[in-house]
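To keep things clear, I will list the structure first and then write my remarks on it.
Numbered from 1 within each chain, the chains take letters A, B, ... in sequence-line order. What you see below is based on every heavy atom in this structure, not just the backbone, and it leaves out hydrogens, waters and symmetry mates.
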Amino acid sequence: MDLRNINGPQSLGEFDVIVIGGGITGAGTARDCATRGLRVLLVERFDFTYGATGRNHGLMHSGARYAVTDRDNAAECMRENLILRRIARHCVEETDGLFLSLPEDDLAYQATFVDACRRAGIRADVIDPEEARRLEPSVNPLITGAVRVPDASIDPFRLTTANVVDARRHGAVIHTFHEVIGFLMSNGRVEGVTLRDNHTGAVKEARAGVTINAAGIWGTLILRKAGITLGMLPAKGALLIFGNRVNNMVINRCRLPANGDILVPDDTICVLGTTSERVPIDTIDDMRVSPAEIDLLLTEGQKLVPRLATARVLRAYAGVRPLVASDDDPTGRSISRGIVLIDHAERDGAEGLITITGGKMMTYRLMGEVATDLACKKLGRTAPCTTATTPLPGSEPEKQRKPKTGYDMGHRAAEGRHGNIFAARRDASPDDNALVCECEQVSVGEIRFAINKLNVNNLLNLRRRTRVGMGACQGKLCACRASTLLCRFKGEADRNLVELAEFMNERWKGMRPVAWGNTLSEAQITASIYADLCGLDTVAQRPDQDNDNSSHDKEEEKEA
Amino acid sequence: MRYDTIITGGGLSGLMAGIALAKQGQQVAILAKGISRLYYNSGSLELMGRDLDGNEVTRPLEAIAALPPSHPYSRVADVAARAAQAREILEEAGVKVRGNLRRNHYRVTPTGLLKPAWLTLDDYLRIDNREQLPWQRATVFNVKGFLDFPDHFVAAGMRRLGVDCDCKDITTPQIERRRATPGEMRSTALARTLESDAALVSLAAKINSHTDDDSQAILFPALLGLDDDKASRRLRRLLDGQLYLVPTLPASVGGTRIHTLLRKHFVSLGGTYMLGSAVTSGSIDPLSCRVLGIKARNLPDQVIRANHYLLASGSFMSGGLIATHDRVVEPIFGLDVDAPRGRDAWTREYLYDRQPYMEFGVATDERLHPLHDGKPVPNLWAAGSILAGNSPIALGNTTGLSMLTALEAAAGITSSQ
Ligand SMILES: Cc1cc2nc3c(=O)[nH]c(=O)nc-3n(C[C@H](O)[C@H](O)[C@H](O)COP(=O)(O)OP(=O)(O)OC[C@H]3O[C@@H](n4cnc5c(N)ncnc54)[C@H](O)[C@@H]3O)c2cc1C
């Protein structure tokens with residue numbers, strides 16, 4: 001009898017593989033392991049997409065951006081790009097992209113660029129600036145050159161959710177709000193992890209033959225707990241979200257990668273980015289966007305798309321790129337975006353431990369594949385990888401396509417978000433059809449679905465799964481509506497009320513750096529509703545600066 | 001047409017001042033752009049809910065007297081007299097309210113919390129003593145499919161006060177017809193539906209079938225009475241238990257009612273209310289420092305002139321103030337604004353802290369004349385949320401300050417004739 005289960009930490013069980021991190025890499029790796037028949041535990045310290053995955057640009061690169069500086073990486077992007085169009089079509093919007101030259105740019109670079117793209121296997125068509133203006137009316141009319149490439153827009157939240165759903169379908173055990181705080185080691189061998197439940201504070205443990213560290217930039221901190229040093233280079237990137245979609249195609253600047261030179265359309269909004277700045281590792285949990293970064297992005301962005309000067313900025317956010325240090329370039333830009341797979345048995349003598357990091361969101365599948373290959377090898381298993389060919393839940397081919405007419409907007413939007421895992425629910429009653437969020441067309445039915453099927457316990461989870469509160473209104477009414485539905489379906493009104501107050505504070509965090517013009521008026525309206533009318537200022541609990549785990553789940557994020 | 005006074009802004013302060021001036025026999029025009037802050041109203045009006053230290057206020061007059069001279073309330077010479085005048089105007093207009101100037105009561109918010117208030121519409125839930133409620137049992141009824149009423153939060157709020165309270169959904173054939181179109185389930189649309197007697201009778205039957213004794217309170221979302229309190233009086237008569245309305249998320253039916261009644265009253269006194277005529281610009285003579293005239297969007301070629309002008313165009317949310325990315329301006333006259341340049345100092349990190357931007361507004365002299373290049377404009381007055389130096393949400397005084405400064409400005413206008 002194992003006494004620890006009575007007196008010591010609660011055991012979550014024995015697995016083949018433990019995957020640490022609920023970002024896209026962890027989700028994709030868990031899916032791959034589970035579909036190859038391994039017994040998988042996936043743990044995430046807060047909620048899925050809490051890290052870089054929820055704070056990135058949402059660009060499905062064609063690879064063109066890296067063609068000149070890093071051809072292998074560019075070619076890798078192109079291959080994964082084509083795969084994701086098939087297996088994750090409900091997460092991808094096939095927009096194509098333009099690389100534009102402005103009068104101040106050297107047009108000779110265009111030729112270098114096009115040549116590099118072709119060598120990397122990326123289709124790159126030089127088009128007449130006139131044609132580019134016709135295709136994408138928002139571009140600066142003064143452009144001197146344009147190249148069309150197969151860039152696309154991809155939704156990180158949907159992509160992560162679909163991988164998690166499929167992992168679970170294949171038997172994976174999934175725990176959010178479980179943070180790895182240490183390793184179970186014996187004779188230098190990693191045999192599992194110690195976890196803290198961030199809701200209750202309870203300490204638990206789990207055992208596995210192989211543990212895969214897929215914790216992004218935090219991976220370096222986790223390795224320290226096994227006595228392993230891995231130099232990572234936290235590179236902060238800031239982005240701005242505009243309240244309406246001004247462009248239909250991805251718009252890039254045709255020059256060496258620099259600040260503020262990509263505008264990605266995303267659903268009803270568009271996102272301008274990015275910057276790159278090396279930051280100390282101890283600041284990665286508290287990324288803020290400075291006024292200087294905002295001004296820089298706006299200045300550069302307006303050169304590409306003049307209409308951004310008058311568009312409303314909804315919010316600003318920043319993420320940290322999980323790059324592995326390879327030289328000491330202070331900007332972090334010349335670092336390879338390549339995938340880093342580390343077998344810690346070889347590198348550090350720690351058998352049973354693998355790190356998978358680096359790369360990009362859009363190369364997550366390949367990252368999952370190489371990590372799972374290595375795990376299988378260690379476990380003596382031989383199942384082949386199928387993730388490049390098997391569509392994700394939501395993108396499966398429909399047996400009989402029902403006509404798209406005759407059912408309502410909210411359902412159509414939800415199908416877009418969840419693909420055909422939601423389509424099964426066309427039993428829509430008027431109750432389910434009612435719209436909670438007009439900007440994002442989120443219905444009561446979708447919220448019920450998310451609460452029942454997608455690990456939703458609070459408003460923040462709900463936002464990440466459904467986009468509620470992420471549109472132009474930033475939660476003005478829908479946050480309260482959604483919160484009331486949480487009470488209705490799950491009870492706990494007192495807790496939900498405090499969380500609603502905190503949720504609005506989170507919305508504010510991203511709005512605050514851009515609080516002028518309409519964004520400031522909207523902020524005042526929101527305060528009039530939530531503080532003045534509803535009185536949430538009387539229940540809100542001021543976040544404690546130090547030592548507050550729950551506050552980590554409340555940072556600004558993409559399109560939030 | 002030459003007016004005695006032209007008022008920019010058709011919200012609570014513009015209307016209050018307009019009525020006071022029309023009662024004095026003036027020819028008054030109100031130029032109103034669109035919805036006012038009453039759209040977000042709770043069905044209550046407050047004088048002062050919290051003091052500068054954040055403590056809840058029981059006696060609003062005392063708390064107002066303790067404010068520093070920089071606060072716009074200090075421009076109101078006799079607060080109690082102006083408050084009495086405001087209440088008189090509300091009553092003449094048919095706005096039925098209850099409350100006591102000397103002692104705040106609580107209004108119940110859409111999320112079931114309590115906030116101090118001075119006057120509350122008399123068909124709304126109001127709590128005089130939170131330790132002792134007049135009933136021990138209540139049911140929160142919501143209209144099935146209406147998402148803008150956080151019924152479960154209201155019930156939880158009642159339970160925190162020791163009331164045995166639960167939630168029920170009800171519907172009527174009239175409402176079911178609306179439900180076919182999801183966008184129709186908003187407060188004002190439902191309030192129109194619930195004007196029909198058939199709908200009220202059927203609603204009452206449903207509520208009565210769920211209430212077994214008449215000692216029980218019936219809490220219902222404020223979806224009754226956009227124009228007056230007829231519908232809620234009718235429903236009250238049809239019910240077995242006591243009916244209390246609880247405010248919903250915007251649009252506020254109670255706020256719309258207050259606005260409608262005041263507007264009708266103003267018009268019945270001979271005032272001209274021009275909706276949809278946003279004032280675009282006003283010119284001030286650099287020598288005399290007087291307003292020469294204003295222009296409105298719907299009359300672009302015409303300069304509108306009057307003897308007196310009142311600016312009641314509100315804060316940022318109403319367009320009375322505009323923030324560019326590094327400074328705050330008053331867009332009509334270009335008046336002096338109390339706000340620092342550079343947006344770093346405009347906001348605080350924590351949403352529920354007192355936000356500096358809320359206090360921005362036009363600077364005035366003692367008599368509510370705004371300053372232009374440092375000099376008061378003698379034929380222009382400012383009132384309401386556009387005034388600098390108030391923190392309306394933190395102090396819980398948005399509506400009170402609007403009404404009282406408007407009446408003070410109106411008195412200034414009358415006496416300057
Ligand atoms: C500004 C910016 C823009 C970008 N733009 C793009 C783009 O357009 N296209 C693209 O493809 N890529 C882009 N990227 C890169 C991309 O976001 C990342 O490569 C990718 O999201 C990394 O995913 P991940 O799962 O490895 O890490 P993360 O998403 O950071 O996930 C790590 C997870 O581990 C969890 N974790 C940490 N510590 C622990 C612990 N102790 N226990 C349990 N869990 C833990 C974290 O909470 C987090 O959820 C961008 C990155 C940035 C910063």
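Of the listed residues (A:A493, A:C534, A:C487), the one with the most heavy-atom contacts under 4.5 Å to chain B is A:C534. Between chain A and the options B:V108, B:L114, B:D151, B:I322, heavy-atom pairs under 4.5 Å are most frequent for B:D151. Between chain A and the options B:P150, B:S42, B:G319, the largest number of non-hydrogen pairs under 4.5 Å is found for B:P150. In terms of non-hydrogen atom pairs under 4.5 Å with chain B, the most contact-rich of A:C478, A:A515, A:A527, A:A501 is A:A501. Interface check for chain B: of the options A:L500, A:T519, A:L533, A:T484, the most heavy-atom pairs under 4.5 Å are formed by A:L533. Interface remark: of the candidates A:L536, A:I294, A:V436, A:V444, A:L536 forms the most heavy-atom pairs closer than 4.5 Å to chain B. Note on B:S315, B:G145, B:A156: by heavy-atom pairs under 4.5 Å with chain A, the leading option is B:S315. For the set A:A531, A:G491, A:S521, the count of heavy-atom pairs under 4.5 angstrom toward chain B peaks at A:S521.
Remark: B:D164 CG to B:M158 CE distance equals 12.5 Å, nearest 0.5 Å.
No part of A:N518 comes within reach of chain B, as not one of its non-hydrogen atoms sits under 4.5 angstrom from that chain. Heavy atoms closer than 4.5 Å to chain A are found in the side chain of B:T398, but not in its backbone. For chain B, no part of A:L298 is nearby; none of its heavy atoms comes within less than 4.5 Å. With a threshold of 4.5 angstrom between heavy atoms, B:T248 approaches chain A through N, CA, C or O but not through any side-chain atom. Proximity to chain B involves both the backbone and the side chain of A:W516, based on heavy atoms less than 4.5 angstrom apart.
Looking only at side-chain heavy atoms (C-beta outward), B:L223 and B:F146 come within less than 4.5 Å of each other. Contact of the B:P392 side chain with the B:L401 side chain is not registered, since no non-hydrogen atoms from C-beta on lie closer than 4.5 Å. Between B:Y39 and B:T256 there is no side-chain heavy-atom pair separated by less than 4.5 Å. With contacts defined as side-chain heavy-atom distances shorter than 4.5 Å, the pair B:L147/B:M185 does not qualify.
A:L297 approaches A:L272 most closely through the heavy-atom pair O-CD2, 3.3 Å. Closest heavy-atom contact between B:P110 and B:V154: O-CG2, 3.2 Å.
Every residue meeting the ring pair (Phe, Tyr, Trp, His ring centres under 6.0 Å) condition with B:Y244, not counting sequence neighbours, appears here in chain and number order: B:W135.
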